[in-house]
Amino acid sequence: MFALGLQGSPRKKGNTDILLAEFMQALAQLGVETRTIEVCQQHIEACKEYTVCEKKGYCPIDDDMSREIYGLIRRADIVVAASPVFFYNVTAQLKALIDRCQTLWARKYKLKLNDPGHRTRRGFVLAVGATSGKQLFDGIHLTAKYFFDGISAQPSGHLIYRRMEGRGQIKTHPTLQVEVVQAVRELTDGLLQRPKILFACRENACRSQMAAAFARLYAGDRLDVISAGSQPAAQVNPVMVDAMQEKGIDMGFLATTALETAIAVHAPATIITMGCGEQCPVVPGARIEVWDLPDPAGQSIDFMRGVRDDIEARIKTLIDAYA
Ligand SMILES: Cc1cc2nc3c(=O)[nH]c(=O)nc-3n(C[C@H](O)[C@H](O)[C@H](O)COP(=O)(O)O)c2cc1C
């Protein structure tokens with residue numbers, strides 16, 4: 001399971017920074033893989049409303065959104081949006097990131113593509129503000145609600161703190177730690193218990209990516225799904241992306257992962273290999289299943305379609321065992 005934290009404050013060691021660090025640490029202690037993005041240190045341009053995303057599903061702006069952040073959001077089971085209140089909303093930097101997620105919104109609502117993570121992804125809000133008014137967080141809540149919808153995450157709670165002004169003041173909050181631990185426990189409920197399953201092939205560019213997408217789409221609520229390759233390619237195969245798109249499944253912004261990394265980070269209970277050559281993993285304690293599937297790399301779209309349908313049928317049989 002992977003959790004992405006978006007630290008929206010420009011102030012280092014400020015209240016948001018401390019609160020999010022505490023939250024991500026509590027997630028990590030439960031065995032969740034975590035990553036925090038310092039949003040204000042990223043190169044993220046504001047949306048220019050080119051509307052290319054609405055027609056083609058990608059944003060032509062070349063910055064850290066297309067280079068990494070869309071991919072991290074798509075991989076995440078949990079997205080934590082953290083910000084101080086700046087004039088009753090999130091900071092401009094976090095808002096720029098959110099606006100640029102119009103690309104993910106467009107893939108979902110304009111291109112009608114199905115994000116394989118949509119059944120399981122959860123969104124959580126952390127926010128701090130200096131004053132104490134009743135409506136202090138209303139703007140953030142509304143923005144977060146539509147942000148989470150755009151990235152296909154279920155809004156799953158918030159922790160908000162009023163009367164926080166001085167740098168790092170939140171450190172002295174008497175109930176902060178207890179509240180964070182409790183919130184993290186509730187947020188991960190039902191996700192942590194899922195058995196981890198790793199799909200492995202050679203390049204992590206076609207077969208294992210398709211298997212992971214089908215498994216996540218059909219049974220993400222029951223399975224913690226990972227994919228990796230013994231010799232990961234620089235990027236996923238565009239023919240595979242097209243073949244999955246024919247079935248309405250969105251494979252955009254996926255990255256490849258090395259097998260050793262996936263095994264070390266996630267310690268999967270089951271590994272399904274589908275041709276990772278001589279480097280097929282031997283992991284003590286893990287159940288290994290071998291699927292005899294041809295390598296579609298360099299083959300026609302028709303060939304890719306055949307492998308795709310074979311994988312989909314195998315996944316449907318596999319997940320019956322986890323019903
Ligand atoms: C530009 C700016 C706008 C702010 N607007 C508000 C506001 O509308 N309401 C509020 O209560 N606090 C406001 N604050 C105060 C911050 O929300 C508060 O100091 C917060 O603790 C800062 O968090 P940080 O340390 O994570 O940056 C504002 C601060 C700045 C710099």
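Just follow the structure's listing: the first ligand is 1, and inside any ligand the first atom is 1. Numbers here are sequence positions counted from 1.
Relative to the ring axis of Phe253, Arg74 does not place its NZ or CZ within 45° and under 6.0 Å from the centre. Relative to the ring axis of Tyr218, Lys316 places its NZ or CZ within 45° and under 6.0 Å from the centre.
Applying the side-chain contact (heavy atoms from CB on, under 4.5 Å) rule to Asp62 yields the partners Ser66, Arg67; only residues at least two apart in sequence or on another chain are considered. In terms of the salt bridge (Lys or Arg N to Asp or Glu O under 4.0 Å) criterion, Asp320 has no residue partners (sequence neighbours excluded).
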Using residues 233-241 as the side-chain source, report each donor-acceptor pair under 3.5 Å to any protein atom, sequence neighbours left out, with the distance given to one decimal.
residue, atom, partner, partner atom, Å
Asn237, OD1, Val239, N, 2.8

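Hydrophobic clustering (ILVMFWY, side-chain heavy atoms < 4.5 Å, transitive): Val79 and Leu254 are in distinct clusters.
Closer than 4.0 angstrom to ligand 1 by heavy atom are Ser9, Arg11, Gly14, Asn15, Thr16, Pro84, Val85, Phe86, Phe87, Tyr88, Val128, Gly129, Ala130, Thr131, Leu136, Met164, Glu165, sorted by chain and number.
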